[in-house]
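Here the structure comes first, spelled out in structure tokens, and everything after it is commentary.
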There are 2 protein chains.
Amino acid sequence: MANDAGVRRSSMREVARAAGVSVSTVANVLSRPAIVAPETRRRVEQAIRHMGYVRHGPARQLRGLPSPIVGSVILDLANPFFAELNRGIEDRLAEAGCLVLACSTDLQPAKERQVLDLLEEQAVRGVIIAPIGPDPAVLLEMSRRGTPVVLVDRPRDGLDLCAVGVDDVLGGRLAAEHLLSLGHRRIVYLGGTFETGTVIRRREGVRQAMRAAGLDPDDLLIDLRLPIHPPPLVEAAAAGVQQILAERPLPTAVLCLNDTAALGVLHGLGVAGVKVPQDISVVGYDNLAFAAGLAPALTTVNQPKYQLGRAAADLLLDEARPDHAHREIRFRPSLVIRASTAPPRRA
Amino acid sequence: MANDAGVRRSSMREVARAAGVSVSTVANVLSRPAIVAPETRRRVEQAIRHMGYVRHGPARQLRGLPSPIVGSVILDLANPFFAELNRGIEDRLAEAGCLVLACSTDLQPAKERQVLDLLEEQAVRGVIIAPIGPDPAVLLEMSRRGTPVVLVDRPRDGLDLCAVGVDDVLGGRLAAEHLLSLGHRRIVYLGGTFETGTVIRRREGVRQAMRAAGLDPDDLLIDLRLPIHPPPLVEAAAAGVQQILAERPLPTAVLCLNDTAALGVLHGLGVAGVKVPQDISVVGYDNLAFAAGLAPALTTVNQPKYQLGRAAADLLLDEARPDHAHREIRFRPSLVIRASTAPPRRA
DNA sequence: ATGAAAGCGCTAACAG
DNA sequence: CTGTTAGCGCTTTCAT
């Protein structure tokens, strides 16, 4: 009751006593002020101000009001892609008076489980999640138990949930088609030792583009995988440059799993004295704020990060409506050609 | 009770009925399993699993247990500085089983107020805040009413609150001393039309360094202010380059309010054909992940972002201890010299 | 227009 | 070891 500073929130009962009315009148002043006599209302409002009374959310929730809190469970909030996505969620929710409980899972399934349990215990309004693994069982159960779940970056696949995402296969295809049309025939796909569905689907898009061009992906594509979690991705990518340069014949282009990895690769290549794009072309993914400012400016695939977040929040809020039907919203990525790609040296 | 899908959480009473025991036995199984007879416990646990029972946090809170939720109120979660700070908060809180309710204020006092009210209503465990304005009155009241408040990026100044921060004056001084020692005597301080205390204090540090060198800040320092919120800071900074180049005599160095602004300035200077660092030196602030990867690599002032967050969470968690005493933790920034600074052309 | 009362799901004495 | 009981602070009929 009393916290350790000896302070205690005042309750409605105390306000009521101070104003000389009943608790229900205080409740009315707060929830339907119109039905309270002006003079009574004035007295109650004054008491509220005077005592610094603040409504107790958990108690209201216990009475059946919906929680204003929505959980956002994503891979890493410090990753600018997710940070911006999260801003989209936050802003859309704010319009509905809701707040975001943001949780990073760092690709660790145990963390994901733990956070989901906590969120369900808190009886949040719902959860928006970019799941680590492909198994939706836990999420379906949560949803069945009454906590709405919206998927991000994972296709709906007929699941009984809402989903928002970007067409990753298309994104991979766009990037690959660009390189192929420049004449590249020896291309590294720089992925991770542990990959989310998005990265896997993009690689599939890359292979698709090659097949569509009448080429054999197994000949053209070199799969390299960075250790993801420690060390920081920029450094892992910079270190990965050694592996790229060790390939024979030397690759002429690198498709990176995201812009941060591309940043590391650019740096590593610079240190190694390899010129971009003259010696090697580099393509990023995400189109983060810094991509245009790099030297050379980074060719990359743009994703509507903020809009993804807004859309996810939209769907989540819609779950409260009686006529809600689960659905999927899918955005299209787009290629942004800048200065880090060019035809290979001797085409 | 029932949400719109017609689902309802099962309650302890239902579990108790299903297991043929009383609610308190179920409660015991959950909170002090040791005192329950093994056979009874087994039955109860099975019922819990079978019904998918999940404890109801708000009800527990109503009984006096502390909320596991901590509010984090910062300027902008999509700003990498705050995103990383927030990860520090999140990780430290996770160790204590707590979650972060993250809110961006976008420098709008109205948003800050609104979010603080919501957090207090939710009866969160406490609030970590990088306040927009200098007036601590609302925060002191919240704290007095029983919601602990920890200040970030704002000096404690004897307030009855905990605070964590970085020595901003020192940060400004380090940056300025570096430029002065290179021989620069015409320096732009690129701030904002609306500035937080941190930016103001850094400018003060810059002036201090000049005075300490026996120079007059009013002669050397050119104050330029970027419109902060829209448009995006990178673009605002790129546009600000026009103003820099319009100054006569031409400045030889630019101190930017952060790395993102520096990125924009670098870009704008590049477009204008001005060479960095030969024609103009550029210094950032924060040492974000991309700073080292820029061309030229950015000289900047490092702040321990993640550690700041951890320290803030530490202090907040400590507020629950009976012997807690408010205190301040202050970190030291450090200068990271890279390639974007050099002596002015004709010294 | 106001008040009395029931009860949301849970915890913590206390009794047995 | 298990059950009974009394609320926590609030919303919401239903009387008055």
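These numbers come from the heavy atoms of this one structure, side chains and all, not from hydrogens, waters or symmetry mates. Being a predicted model, the structure only gives us computed values, none of them experimental. Protein chains get the first letters and strands the later ones, always in sequence-line order, with residue 1 at the start of each.
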* Is the phosphate of C/dG9, meaning OP1 or OP2, less than 4.0 Å from a side-chain N or O of B/R8? -> yes
* Quickly work out the B/E121 CD to D/dC10 P distance and round it to whole Å. => 10 Å
* What's the verdict on side-chain contact (heavy atoms from CB on, under 4.5 Å) for B/E112 and B/I129, showing C-alpha distance, side-chain angles and the deciding distance? -> CA-CA 10 Å; B/E112 182 177 281; B/I129 179 171; 4.0 Å; yes
* Starting from C1' on C/dT11, measure out to NE2 on B/H56 and report it in whole angstrom. => 15 Å
* **A/R32 CZ to D/dC10 P, straight-line distance once rounded to whole Å** => 16 Å
* To do: Return the value, rounded to whole Å, for the distance between atom CZ of A/R55 and atom P of D/dT12.
  => 10 Å
* Between A/R49 and A/E45, is the closest basic N to carboxylate O distance under 4.0 Å? -> no
* Asked: Given D/dC10, C/dG9, D/dT11, which nucleotide is nearest the side-chain atoms of A/S31?
  -> D/dT11
* With a 4.5 Å heavy-atom cut-off, do A/L30 and A/I48 have their side chains touching? -> yes
* Asked: Mapping B/A59 and B/R41 to their closest nucleotides on DNA chain D, which lands nearer the 5' end?
  -> B/R41
* **Closest nucleotide among C/dG9, D/dT2, D/dG3 to the B/V21 side chain** => D/dG3
* Expressed in angstrom and rounded to an integer, what is the separation of B/I35 atom CD1 from C/dA13 atom P? -> 12 Å
* Donor/acceptor link under 3.5 angstrom from A/R9 side chain onto base of D/dG9 -> no
* To do: Measure from OH on B/Y53 to C1' on C/dG9 and round the result to the nearest Å.
  => 7 Å
* In terms of side-chain geometry, is the basic nitrogen of B/E95 or B/R92 positioned less than 4.0 Å from the acidic oxygen of its partner? -> yes
* Any side-chain N or O of A/R60 under 4.0 Å from OP1/OP2 of C/dG7? -> no
* For the side chain of A/R63 and the base of C/dG7, is some donor closer than 3.5 Å to an acceptor across the two? -> yes
* Integer-rounded Å distance: C/dG3 C1' and A/M12 CE -> 14 Å
* For the pair made of CD in A/Q61 and C1' in D/dG9, what is the distance, rounded to whole Å? -> 13 Å
* Mind listing the residues from residues 22-30 of chain B sitting with a heavy atom below 4.0 Å of DNA chain D? Number order is fine. => B/S22, B/S24, B/T25
* Where the side chain of B/R9 meets the backbone of A/G146, is there a donor-acceptor pair that is under 3.5 Å apart? -> no
* Got a salt bridge between A/D76 and B/R87, using NZ or NE/NH1/NH2 to carboxylate O under 4.0 Å? -> yes
* Nearest non-hydrogen partners of B/C98 and B/L317, listed with the distance -> SG-CD2, 4.3 Å
